[in-house]
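Atoms considered below: every heavy atom in the structure, side chains included; atoms not considered: hydrogens, waters and symmetry mates.
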Amino acid sequence: MAHQNADGKGVPPDDGTAAAPPPGAPLDLGLLRTFLAVYRARSLTTAARTLRVSQPTVTAQVRALEQQLDRQLFERLPRGVAATSVADELAGRIAGPLDALAEVAHRGHPGPDAPQEPVHLAGPAEMLSVRALPVLAPLAAGGVLLRVTTGLAEDLLEGLHGGRFDLVLSAVRPRGRSLAAVPLMDEEFVLVTTPEWAAGVGPLTCDDPGPLREVPLVAYAEDLPILRRYWRHVFRTRLSARPAVVVPDLRGVLAAVVAGAGATVLPRYLCEAELASGALVELLTPEDPPINTGFLVGRAGAPARAPVTAVRERLLAAARDW
């Protein structure tokens, strides 16, 4: 309910739920800050916790901004919200400036004795362990603090949206303007096994995967996502088989196959040493092998931080040889 001012006129309560300014009026920074929190969290509830306000306040502020813009920013889902193309465009324009303002407002200008913040890097465990961490190790000697998180691409990109990470290595290219992705490396997938298993397979062509029927398959997951993709791309057929061994880490898949568990499909970079030594052999060398592009992803317009820039530049430089 509105309070009365000295003139007897109603004024809105100071609870963040004031009516939207008229169309054409300057956009309120508070509404934009709330919008960006919802956009990154993909959740009104999570955004409310981040902003330390109530969910009804967040809902009202988003609605007020939508009314002022005369555009829908989010689609309400059973769990969370989905950003519209209007929201993607708006986030791309305001994320950098608002992040820069937040940097000044909350941290000021840190002096030389202020504690350094870690660089939060996320990505697939295998790519981080085999590719990224070896080239980033020297930065630690230079004083860069690094915190690494592993996980699935979609979850990590959501975390990047929400500000949990500074950089993400992703096999999925993000949509929208709020995240900026740079191609980092191409993964070529190869069908491999030990020389002993290969000797019993017999001739294998892209026209007939039949000789592999008796070879146990080692997979990353029960539904054989990488193997199924290889079968579909190379053999032009659907793979219907039950894996003999399932290990949710491609380094474990590699170890099992080297030990004689059967055959699998791996990124070449992960097993190139074993192929060079003869511990593994390629069962097939198609002219058009499956390729997957990995991206280095950051928040568009995020305030520049020297340690984050150092990590990014070192990864991009190393990737030229990957």
Side-chain angles (χ1 to χ4, degrees), residues 83 85 88 91-92 119-136 148-161 164-192 206 219-221 223-236 239 248-254 264-275 280 282 284-302 308-322:
S85 59
D88 289 335
V119 177
H120 293 271
L121 175 67
E126 304 85 2
M127 190 183 296
L128 286 167
S129 299
V130 177
R131 286 301 199 202
L133 291 177
V135 303
L136 295 177
V148 177
T149 301
T150 63
L152 299 177
E154 296 294 346
D155 295 335
L156 298 180
L157 291 175
E158 283 294 324
L160 183 60
H161 266 296
R164 288 177 53 208
F165 310 120
D166 297 299
L167 296 167
V168 168
L169 301 177
S170 173
V172 176
R173 185 173 200 137
R175 293 176 292 179
R177 291 186 174 185
S178 65
L179 298 182
V182 179
L184 189 67
M185 60 179 287
D186 285 333
E187 298 175 312
E188 176 193 346
F189 288 94
V190 292
L191 177 62
V192 297
C206 295
Y220 177 84
D223 60 346
L224 303 96
I226 300 175
L227 285 152
R228 283 192 294 106
R229 181 185 173 192
Y230 189 96
W231 253 246
R232 185 172 61 250
H233 184 93
V234 174
F235 297 121
R236 310 292 180 186
L239 174 62
D249 186 312
L250 291 179
R251 293 165 299 176
V253 172
L254 171 63
T264 195
V265 173
L266 291 170
R268 183 179 292 278
Y269 79 84
L270 194 61
C271 58
E272 56 189 357
E274 287 76 12
L275 289 171
L280 293 179
E282 291 185 60
L284 193 62
T285 54
E287 293 183 4
D288 178 30
I291 299 289
N292 196 56
T293 300
F295 298 91
L296 180 60
V297 190
R299 284 197 308 257
V308 176
T309 300
V311 170
R312 184 178 187 276
E313 291 182 349
R314 194 167 187 90
L315 287 173
L316 292 175
R320 298 189 190 108
D321 298 324
W322 293 348

Which distance, rounded to the nearest 0.5 Å, do you find between the CD of Glu282 and the SG of Cys271?
-> 7.5 Å
Kindly determine whether His120 and Thr149 satisfy side-chain contact (heavy atoms from CB on, under 4.5 Å), including the steps that lead there.
-> CA-CA 8 Å; His120 293 271; Thr149 301; 5.8 Å; no
Rounding to 0.5 Å, atoms CZ (Phe235) and CG (Leu191) come to a distance of 6.0 Å
Is a salt bridge present between Arg228 and Asp223, judged by a nitrogen-to-oxygen distance below 4.0 Å?
-> yes
Any donor-acceptor N/O pair, Arg299 side chain to Ala180 backbone, under 3.5 Å = no
Which atom names give the shortest non-hydrogen contact between Trp322 and Leu315, and what distance separates them?
-> CH2-CD2, 4.2 Å
Check the surroundings of atom CZ in Arg312: do more than 12 heavy atoms from other residues, nucleotides or ligands lie under 6.0 Å from it?
-> no
Before accepting this row, confirm whether a basic side-chain N of the pair Glu187/Arg131 lies closer than 4.0 Å to the acidic partner's carboxylate O.
-> no
Starting at CG of Leu275, measure out to CG of Leu270 and round the result to the nearest 0.5 Å.
-> 10.0 Å
Taking every non-hydrogen atom, the tightest pair across Leu316 and Val182 = CD2-CG1, 4.0 Å
No-hydrogen, no-angle side-chain donor-acceptor test under 3.5 Å, Ser129 and Arg251 = yes
CZ/Arg320: more than 12 non-hydrogen atoms of other groups inside 6.0 Å = no
Looking at Arg268 and Glu188, does any basic side-chain N land under 4.0 Å from a carboxylate oxygen?
-> yes
Step by step, would you call Phe165 with Leu121 a side-chain contact (heavy atoms from CB on, under 4.5 Å)?
-> CA-CA 6 Å; Phe165 310 120; Leu121 175 67; over 6 Å; no
What distance do Met127 atom CE and Leu250 atom CG have between them, rounded to the nearest 0.5 Å?
-> 10.0 Å
Rounding to 0.5 Å, atoms CZ (Arg229) and CZ (Phe189) come to a distance of 5.5 Å
Is there a donor-acceptor contact under 3.5 Å from the side chain of His233 to the main chain of Asp288?
-> yes
